[in-house]
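Just so it is clear, the structure is predicted and the values come from calculations on it, not from any experiment.
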Amino acid sequence: MLWATKDMGKMLGGEEDKDPEAEKEKEEERQEALRQQEEERKAKYAKMEAEREVIRQGIRDKYGIKKREDAEAEAQAAMEQASEGSLTRPKKAVPAGCGDEEEEEESIMDTVMKYLPGPLQDMFKK
């Protein structure tokens, strides 16, 4: 009857005779399996991306579209070439209405002055 209780303890999750060497070997096998799965996954996605790139290139060729990296590289080269002899960076274009505030205010005042009666126009001009 003594042997039955010992086996029952093992079945219920009790202490077992654990071999540290066997556990270490199991862990190494598990790590190797994970590493192999990760490599397979990466290979699968690399293959899928290569197929997509072939399709993208076909579309680019069909419609005459440049690849993003190529277009960006050409734009960067043009910017560097334009500012080659300059010591400062090139100025960026100013959006409409951002740098012309004085001119805009004058045109608004002129518009308002047109609709004012004569005596009020004289008052504002002074």
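Going from atom CD of Gln57 over to atom CD1 of Ile65 covers 10.5 Å, rounded to the nearest 0.5 Å. Put simply, NZ on Lys24 and CG on Asp19 are 11.5 Å apart, with the number rounded to the nearest 0.5 Å.
With contacts defined as side-chain heavy-atom distances shorter than 4.5 Å, the pair Lys26/Glu21 does not qualify.
Grouping Ile, Leu, Val, Met, Phe, Trp and Tyr residues whose side-chain heavy atoms lie under 4.5 Å apart, directly or via other members, leaves Val54 alone, with no other cluster members.
Legend: residues meeting salt bridge (Lys or Arg N to Asp or Glu O under 4.0 Å) with Glu38, ordered by chain and number and at least two apart, are Arg41. Here Glu69 pairs with nothing under the side-chain hydrogen bond (donor to acceptor under 3.5 Å, both in side chains) rule; sequence neighbours left out. In terms of the side-chain hydrogen bond (donor to acceptor under 3.5 Å, both in side chains) criterion, residue partners of Glu74 (sequence neighbours excluded) are, by chain and number, Lys66. In terms of the side-chain contact (heavy atoms from CB on, under 4.5 Å) criterion, residue partners of Ile55 (sequence neighbours excluded) are, by chain and number, Ile59. By the side-chain hydrogen bond (donor to acceptor under 3.5 Å, both in side chains) test, Arg30 is found to be paired with Glu27, residues two or more places apart in sequence or in another chain being considered. Scanning for side-chain contact (heavy atoms from CB on, under 4.5 Å) contacts around Arg35 gives Glu32, Glu39, with sequence neighbours left out. Taking the side-chain hydrogen bond (donor to acceptor under 3.5 Å, both in side chains) definition, one finds that Glu28 meets it with nothing, sequence neighbours left out.
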Between side-chain atoms of residues 43-52 and protein atoms elsewhere (two or more places apart, or another chain), which donor-acceptor pairs fall under 3.5 Å?
unit_1	atom_1	unit_2	atom_2	d
Glu49	OE2	Arg56	NH1	2.8
Glu49	OE2	Arg56	NH2	3.4

Criterion salt bridge (charged side-chain N to carboxylate O under 4.0 Å, His left out) on Glu72 and Lys67, from CA distance to verdict: CA-CA 9 Å; Glu72 289 173 1; Lys67 197 172 182 180; over 6 Å; no
